[in-house]
Amino acid sequence: MSGAPTRTAAAAGAPLTVEDLRAAARRRAVGLVVVAVVVAVTCTFLGRWQWNRYVARDAAIAVVQANYAAAAVDLADVVADPDAPLPDADAWRSVQVRGRYLPDATVLLRNRPVGGAPAYHVLVPLVVQDAAPGDFGAPVAAGRVLVVDRGWVPMGEDGSAAVDVPPPPAGDVTVTVRLRQGEAATDRDAPPAQVQAIAPAQVLAAGGTTGEPYAAYGGLVAEQPAAGETLGALPAPSTDPGSHLSYAFQWWVFALGGLVAFSVAARREWVAADALTAGAPAPRPARPRRAPGRDEIDEDAEIAAQEARRDVAQASAMRSR
C-alpha cells in the first residue's frame with residue numbers, strides 16, 4: 001500500500017491566487033465590453049436598415065398620393081422612349097392611348113390574390129395606334145405593344161380548371177391606364193397562356209404574339225367604348241407606411257440599452273478586480289466593553305454573597321457527619 005501513488009496538492013492543482021482571480025475578473029470585464037460593442041453595433045445597423053425601408057416606403061407613398069388621382073395625359077407625354085424603364089416618379093400616372101386589343105393573345109397572371117382571395121389577372125396586349133391621341137399630329141409609337149392588366153377573375157377552387165374570361169372591346173379603343181414598370185422576367189414554370197410575372201416580353205411570348213413591347217405596362221382605368229362585361233377592378237395601392245419607423249427606434253433603444261447594461265456589468269467586474277488587487281479588507285476593531293454600571297456591581301456582589309453562604313453551609317454539613 002505504501003508504494004501506491006498518493007494524491008498531492010500539485011496533482012490536484014495549485015489553489016488560485018489573488019492574481020489569478022484578478023486576471024479572471026478583468027477578462028470577464030473585457031469580454032462584457034466586447035459583447036456590449038457587438039450588440040450595440042448590430043442593433044444600430046438593424047435600426048438603420050429599418051429606417052431605410054421606412055424612407056423608401058414613404059417615398060413610394062408620396063408618389064402614389066401625387067399621381068394616382070391626377071388627370072390623365074397622353075402616353076407619349078410620360079413615356080417618350082418605349083424601351084426606357086419607367087422612372088419611379090411616374091409610377092401610377094394615368095395616361096391615354098389609342099389602339100386595338102389582341103384578345104386571342106390574352107394571358108393570365110398567376111399567384112396575385114386580390115383582397116386575400118385567389119385570382120387571375122387578365123393581361124391583354126394592346127397594339128398602339130397612337131400614343132398621343134390628344135394631339136392632332138401624326139400618330140406616335142404606332143405598332144408598339146402595351147400590355148394592359150384589364151382586371152381580375154376568380155381562379156376557382158384549385159386553379160386547375162379553365163376559367164371564363166370576358167373579352168375586351170373589339171375594334172379601335174381609347175384606353176386609360178395607370179403606368180407601372182414592367183416586372184423582371186422569371187424562370188418559374190406556368191401552364192400555357194399563363195405567366196408568373198408581368199414581364200412584357202414574356203407576356204407576349206406566352207400569348208403567342210410578336211411585337212415590340214413597352215418596358216412599362218398599364219393597369220386599366222377606363223375603356224372607350226366600354227366592354228360588354230367588366231372584370232374585377234384592380235385594387236388601389238396601399239398607403240400604409242407599415243411599422244418600419246417604430247422598428248427602427250426599437251432597434252436603437254436595444255442598442256443603447258445593451259451598451260449600458262453590459263458596460264455596467266463590465267465595470268462591476270473591473271471594480272471587483274481592483275478590490276482583489278488591494279487585498280482583503282482589514283478586520284474591524286473590537287468594540288470596547290462598556291464599564292459596568294452600579295446595578296451590575298450590586299448584582300455581582302449579591303451573587304458572590306450567595307455563593308459564600310452556600311460554601312459555609314456545605315462545610316457545616318460535612319463537620320456534622
Side-chain angles (χ1 to χ4, degrees), residues 36-73 78-79 84-95 108-123 147-155 159 176-188 190 194-200 202-203 214-221 231-261:
V37 172
V38 171
V39 170
V41 170
T42 301
C43 292
T44 299
F45 275 106
L46 289 173
R48 183 68 179 175
W49 170 61
Q50 287 291 346
W51 172 262
N52 290 335
R53 296 188 67 186
Y54 161 73
V55 171
R57 179 61 182 159
D58 189 61
I61 291 173
V63 169
V64 171
Q65 292 173 340
N67 295 344
Y68 192 78
V73 298
V78 179
V79 182
L86 182 71
D88 292 340
D90 289 329
W92 303 106
R93 288 282 300 272
S94 293
V95 297
L108 299 180
L109 174 67
R110 301 174 58 85
N111 300 320
R112 296 294 172 91
V114 176
Y120 288 125
H121 286 235
V122 180
L123 309 179
V147 174
V148 178
D149 185 349
R150 297 190 61 246
W152 61 275
V153 293
M155 65 179 298
T176 302
V177 297
R178 291 189 176 94
L179 291 175
R180 301 293 307 280
Q181 173 58 33
E183 299 172 1
T186 177
D187 56 1
R188 296 172 59 192
Q194 295 186 17
V195 291
Q196 300 280 6
I198 311 180
Q202 282 191 328
V203 172
Y214 275 77
Y217 72 94
L220 182 65
V221 177
L231 304 175
L234 297 173
S238 172
T239 55
D240 182 6
S243 302
H244 304 303
L245 183 60
S246 62
Y247 287 159
F249 283 113
Q250 287 178 18
W251 281 119
W252 289 332
V253 169
F254 292 158
L256 180 60
L259 186 62
V260 171

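Residue indices begin at 1 and follow the sequence shown. Predicted model only: the values in this text are computed from it and were never measured.
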Specify the closest pair of heavy atoms between Val177 and Leu220, including all atoms of both residues, with the distance to one decimal.
-> CG1-CA, 4.1 Å
Might you work through the side chain to side chain contact (heavy atoms under 4.5 Å, CB included) test for Val73 and Val78, ending with a clear yes or no?
-> CA-CA 8 Å; Val73 298; Val78 179; 3.6 Å; yes
Rounded distance [0.5 Å steps], CE in Met155 versus CG in Asn111 = 7.0 Å
Between Tyr54 and Trp51, what is the ring plane arrangement, given parallel below 30°, perpendicular above 60°, and tilted in between?
-> tilted
For atom OH of Tyr68, is the number of surrounding heavy atoms from other residues, nucleotides or ligands below 6.0 Å larger than 12?
-> yes
Minimal heavy-atom distance between Trp152 and Ala119, with the atoms involved, is CE3-CB, 3.7 Å
How long is the span from the CG atom in Leu231 to the CZ atom in Arg150, to the nearest 0.5 Å?
-> 5.0 Å
Are Thr186 and Gln202 side-chain neighbours, meaning at least one heavy-atom pair lies under 4.5 Å?
-> yes
Crowded around Asp58 CG? As in, over 12 foreign heavy atoms under 6.0 Å?
-> yes
Which atoms form the tightest heavy-atom contact between Ala215 and Ala84, and what is the distance?
-> CB-O, 3.5 Å
Side chains of Arg178 and Asn67: closer than 4.5 Å at any heavy-atom pair?
-> no
Shortest non-hydrogen pair, Thr239 vs Ile61, comes out as O-CD1, 3.3 Å
Is Thr44 close to Trp252 at the side-chain level, that is, under 4.5 Å between some pair of heavy atoms?
-> yes
Could you tell me whether the side chain of Asn52 reaches within less than 4.5 Å of the side chain of Arg48, counting heavy atoms only?
-> yes
Arg57 side chain reached by Ser238 side chain, heavy atoms, under 4.5 Å | yes
Could you pull out the closest heavy-atom pair between Leu86 and Gln181, with the gap in Å?
-> N-OE1, 2.5 Å
Below 4.0 angstrom, N of the basic side chain to O of the carboxylate: do Arg112 and Glu183 qualify?
-> yes
What is the distance from atom CZ of Arg180 to atom CG of Asp149, rounded to the nearest 0.5 Å?
-> 10.0 Å
Residue pair Val122 / Leu108, side-chain heavy-atom distance below 4.5 Å = yes
If you take all heavy atoms of Ile198 and Pro200, which pair is closest and at what distance?
-> O-CD, 3.5 Å
